[in-house]
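All remarks here apply to the structure that follows.
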Amino acid sequence: MKSRILSNEKISSGIYKLVFEWKGGIPSPGQFVMVDCKGKTFLKRPISVCSADDKSMTIVYQVKGEGTKNLSEMKKGDTIEVTGPHGHGFELYEDKNMLIVGGGIGIPPLLYLAKKIKAKNLYIALGFKSEIFLVEEFKNLGEVIVTTEDGSFGKKGMVTQGIEDIIDKIDIIYGCGPKPMLKALKEISLKNNIPCQISLEERMACGMGACLVCACKVKKDGGFEYKRVCKDGPVFWAEEVEF
């Protein structure tokens, strides 16, 4: 689907927020789209949905290579090709004490989740290396705890350290971020017997489960099997994922 860009702005070092027209159906929190970044790049890039309605979609992305660099240089009025929404998103619950844990570029899709869930109490833990983004948007949705690795904002340390004081209040955990954070979150959820859903990030080629590039290992019947992050995920129950 070809979509017209409405805005494309830098919100932190190497982090951009892109808003474009969207008529492809409203995605579920945790789903993603495949974006054609043009230039010499052949494959579309998978980017999680930060927010969406029946007229527009917002994605937040990090410039890592040629494709996302091309994307960051596009302007209002330019046209991009987007497919989706793809993947299996978060399972939503109601009237529970919920904890959202995000790290780095894994934070944007959790904003969409925070807007959609109906929690009894919502706690939001956000972890950054130094510069922060989207924090003010989250503050409108729940109680926010911010950690930075260098201590430049909020608490100093890792985001999983910031939830120690509230973990005994939580009924369910949602997480998205780098693998070390997700692994630590899995251990915390198992230790405290709290259900936990996590969104994985893997390299993808097709985004539809055909190429098997994004396979991850999950438990099955005392052993394990491989599932496709793009099709079976990107959201899985933390207890089933083998890191």
Side-chain angles (χ1 to χ4, degrees), residues 5-22 26-33 47-64 68 71-72 74 76 89-90 92 96-167 169-170 172-178 181-182 185 197-199 201:
I5 292 176
L6 302 176
S7 65
N8 191 20
E9 61 177 324
K10 185 176 181 180
I11 60 173
S12 186
S13 294
I15 307 293
Y16 288 77
K17 181 170 72 171
L18 173 66
V19 184
F20 54 90
E21 292 178 343
W22 180 251
I26 300 177
S28 300
Q31 289 189 297
F32 64 95
V33 291
I47 304 177
S48 296
V49 178
C50 182
S51 66
D53 55 33
D54 58 357
K55 294 181 180 180
S56 67
M57 180 180 289
T58 300
I59 57 176
V60 174
Y61 62 95
Q62 182 177 25
V63 175
K64 289 186 175 181
T68 45
L71 193 61
S72 71
M74 295 181 189
K76 178 179 179 180
F90 292 101
L92 305 185
K96 293 181 179 294
N97 294 319
M98 302 181 184
L99 171 62
I100 286 175
V101 184
I105 200 61
I107 289 172
L110 296 177
L111 180 60
Y112 189 38
L113 172 66
K115 291 178 179 178
K116 292 293 185 180
I117 55 178
K118 298 176 181 178
K120 180 187 296 182
N121 294 289
L122 180 59
Y123 302 88
I124 303 165
L126 307 175
F128 305 86
K129 286 189 175 180
S130 55
E131 289 190 55
I132 64 172
F133 55 90
L134 298 180
V135 171
E136 291 304 315
E137 288 88 336
F138 276 101
K139 285 182 178 179
N140 296 322
L141 303 169
E143 182 178 328
V144 177
I145 303 165
V146 176
T147 59
T148 50
E149 292 182 21
D150 64 0
S152 58
F153 192 91
K155 297 181 179 180
K156 183 177 182 179
M158 308 304 291
V159 67
T160 47
Q161 296 172 318
I163 64 176
E164 294 172 349
D165 295 338
I166 62 169
I167 197 66
K169 304 176 184 179
I170 304 304
I172 187 167
I173 303 171
Y174 297 94
C176 186
M181 186 207 88
L182 297 180
L185 201 58
Q197 296 178 49
I198 55 175
S199 179
E201 179 180 327

Heavy atoms, side chains only, cut-off 4.5 Å: are [X] and [Y] in contact?
| X | Y | answer |
| --- | --- | --- |
| I167 | I173 | yes |
| I163 | I170 | no |
| L6 | E21 | yes |
| Q161 | T147 | no |

Note: M74 and N8 closest approach over all heavy atoms is O-ND2, 3.0 Å
From [X] [atom1] over to [Y] [atom2], what is the distance, rounded to the nearest 0.5 angstrom?
| X | Y | atom1 | atom2 | answer |
| --- | --- | --- | --- | --- |
| I198 | C176 | CD1 | SG | 9.5 Å |
| I100 | L141 | CD1 | CG | 8.0 Å |
| F133 | I15 | CZ | CD1 | 4.5 Å |

Using the ring of each side chain (for Trp, its six-membered ring), is Y174 parallel, tilted or perpendicular to F90, with breaks at 30° and 60°?
perpendicular
S199 side chain to G30 main-chain N or O, any donor-acceptor pair under 3.5 Å?
no
Quick one, I166 with I145, criterion side-chain contact (heavy atoms from CB on, under 4.5 Å). Give me CA distance, side-chain angles, the key distance, then yes/no.
CA-CA 10 Å; I166 62 169; I145 303 165; 3.8 Å; yes
Show me, pair by pair, the donor-acceptor contacts under 3.5 angstrom made by side chains of residues 111-130, not counting sequence neighbours?
residue, atom, partner, partner atom, Å
Y112, OH, P27, O, 2.7
N121, ND2, N97, OD1, 2.8

